[in-house]
J.: 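Quick one: structure below, then a few questions.
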Amino acid sequence: MPSRNIDPWCKPCSFSKKNHFLLVTPLTRAGSVKTYTSVSWLLSQGVAQGYRIVWLVHRQELVEQTYQEFRKQAPVLRGTGINKIRILPVSGVHLKMSMVNKADIYVYSISSVANMHGYRFIERMIGAQGKRKLIVVVDEAYHAVAANYQKVIKKLTVLNPNRVLLGLAATPTRMQESEQKRLQEIFNINKNLLSNKVAIP
């Protein structure tokens, strides 16, 4: 398992199961903090340890934003023995599911991977390495309750039952009570966890 130390200055909430994470960042600067912190941890603690990364977003603009952040922070891998990584963006304006495989990091719009055409390429996409070591990221974790996200997460879980599930959120309490309960079940978190704050100096 990757280390749980997400970042020296960003303390994640505690987790009830070792392979389910929920990182809650403050609303102020939430987008930049959430993406920067998560990408940094995924590279240094995930890719550096041989994990394949699948990052899911709900808008294609976020695919480009996240893709560029991974490219920007890739030098953090210097000194790890990894000299080159492959990062692929998939959306309606990027690559298609049928065009991607053998990458270390995939950034997907959920519509591209959950549709009938994209869904059938999931197993080929993660490959043998992903079946051994896989981290699935749900940006804006509250979307994980949606049917299309559940479809993809379940498929990835079948392919790798030990996959790590990381949810990212700034406002997880802005949900109906039934959705909050479902979110708690997906990430195996304590019912009081969503009111916890993350300390950022």
J.: Rounded to the nearest 0.5 Å, how far does NZ of K96 lie from OG of S112?
T.: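 One gets 10.0 Å once the value is rounded to the nearest 0.5 Å.
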J.: Between R59 and S109, is any side-chain donor less than 3.5 angstrom from a side-chain acceptor?
T.: no
J.: How many angstroms lie between CD in E69 and NZ in K34, if you round to the nearest 0.5 Å?
T.: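 Between E69 CD and K34 NZ, I get 11.0 Å after rounding to 0.5 Å.
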J.: Is there a donor-acceptor pair closer than 3.5 Å between any side-chain N or O of E140 and the backbone N or O of L168?
T.: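 No.
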J.: Please check if any side-chain donor atom of R182 sits under 3.5 Å from a side-chain acceptor atom of Q150, or the reverse.
T.: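 Note: R182 and Q150 side chains meet the donor-acceptor criterion.
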J.: So, does S40 use its side chain to make a donor-acceptor pair with the main chain of Y36 at under 3.5 Å?
T.: no
J.: I'd like to know if the side chain of N160 and the backbone of G130 have a donor-acceptor N/O pair within less than 3.5 Å.
T.: yes
J.: Within a strict 4.5 Å, meaning less than it, do heavy atoms of the V47 and L77 side chains meet?
T.: yes
J.: Taking it one step at a time, do Q73 and V39 satisfy side chain to side chain contact (heavy atoms under 4.5 Å, CB included)?
T.: CA-CA 7 Å; Q73 293 199 44; V39 167; 3.8 Å; yes
J.: Quick check for you: to the nearest 0.5 Å, what is the distance between R78 atom CZ and T80 atom OG1?
T.: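 Spacing of CZ (R78) from OG1 (T80) equals 11.0 Å.
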J.: Less than 4.5 Å apart, any side-chain heavy atom of V100 and any of F121?
T.: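 No. Closest side-chain heavy atoms not under 4.5 Å.
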J.: Quick one: closest heavy-atom pair of I135 and G46, and the distance?
T.: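 For I135 and G46, the tightest heavy-atom pair comes out as CD1-CA, 4.0 Å.
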J.: Can you find a heavy atom in the side chain of L156 that is under 4.5 Å from one in the side chain of L134?
T.: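 Sidechains of L134 and L156: in contact.
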J.: Can you check whether Y119's main-chain N or O pairs, donor with acceptor, with K155's side chain at less than 3.5 Å?
T.: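 Checking the backbone N and O of Y119 against the side chain of K155, no donor-acceptor pair under 3.5 Å is found.
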J.: Judged by atom type as modelled, is there a donor-acceptor pair below 3.5 Å linking the side chain of R52 to the main-chain atoms of A103?
T.: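 Side chain of R52 to backbone of A103: a pair is present.
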J.: Without swapping roles, check the side chain of K151 against the backbone of A114 for a donor-acceptor pair under 3.5 Å.
T.: yes
J.: Are the side chain of R124 and the backbone of S98 linked by a donor-acceptor contact shorter than 3.5 Å?
T.: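 Flag set: sc R124 to bb S98 pair under 3.5 Å.
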J.: Roughly how far, to the nearest 0.5 Å, is the NZ atom of K102 from the CD1 atom of I126?
T.: 15.0 Å
J.: Got V90 and V63 here, is their nearest side-chain heavy-atom distance under 4.5 Å?
T.: no
J.: What's the shortest heavy-atom distance between A48 and I82, and which atoms?
T.: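 Heavy-atom minimum between the residues: CA-CD1, 3.7 Å.
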J.: Just how far is it from atom CG of N148 to atom CG of N115, taken to the nearest 0.5 Å?
T.: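 Reported value, rounded in 0.5 Å steps: 10.0 Å.
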J.: For R71, does the CZ atom sit with more than 12 other heavy atoms under 6.0 Å from it, leaving out its own atoms?
T.: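 Count not over threshold, so no.
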J.: Are any non-hydrogen side-chain atoms of F70 and L42 less than 4.5 angstrom apart?
T.: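 Contact flag for F70/L42 side chains = yes.
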J.: Go through I105 and L43 one step at a time and tell me if the side chain to side chain contact (heavy atoms under 4.5 Å, CB included) criterion holds.
T.: CA-CA 9 Å; I105 301 165; L43 287 168; 3.9 Å; yes
J.: If you apply the rule ring-ring contact (aromatic ring centres under 6.0 Å, His included), what do you find for W55 with Y67, and how did you get there?
T.: CA-CA 10 Å; W55 182 300; Y67 168 66; over 10 Å; no
J.: Return yes if some donor-acceptor pair links the side-chain N/O of D139 with the main-chain N/O of V57 below 3.5 Å, else return no.
T.: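 Not a single qualifying donor-acceptor pair exists.
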J.: Please identify which of these residues, L165, V54, L166, meets the side-chain contact (heavy atoms from CB on, under 4.5 Å) condition with V138.
T.: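 Looking at L165, V54, L166, the match for V138 under the side-chain contact (heavy atoms from CB on, under 4.5 Å) is L165.
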J.: Any chance the side chains of H94 and Q60 put a donor and an acceptor closer than 3.5 Å?
T.: no
J.: What do the steps show when you test I122 against L159 for side chain to side chain contact (heavy atoms under 4.5 Å, CB included), and what is the final call?
T.: CA-CA 9 Å; I122 290 178; L159 293 171; 3.9 Å; yes
J.: Anything under 30° is parallel, anything over 60° is perpendicular, the rest tilted; go ahead and classify Y106 against Y108.
T.: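 The arrangement is parallel - the two ring planes meet at less than 30°.
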J.: Can you confirm whether the side chains of Q49 and Q45 place a donor and an acceptor under 3.5 Å from each other?
T.: yes
J.: Return the CG to CD1 distance between L56 and I110, rounded to the nearest 0.5 Å.
T.: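 Spacing of CG (L56) from CD1 (I110) equals 5.0 Å.
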J.: Would you check, one step at a time, whether the test side chain to side chain contact (heavy atoms under 4.5 Å, CB included) holds for E64 with E61?
T.: CA-CA 5 Å; E64 182 65 22; E61 318 78 275; over 6 Å; no
J.: Do V152 and M99 share a hydrophobic cluster (ILVMFWY, side-chain heavy atoms under 4.5 Å, transitive)?
T.: yes
J.: Could you check whether any side-chain heavy atom of M97 comes within less than 4.5 Å of a side-chain heavy atom of R120, counting everything from C-beta outward?
T.: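 Not in contact.
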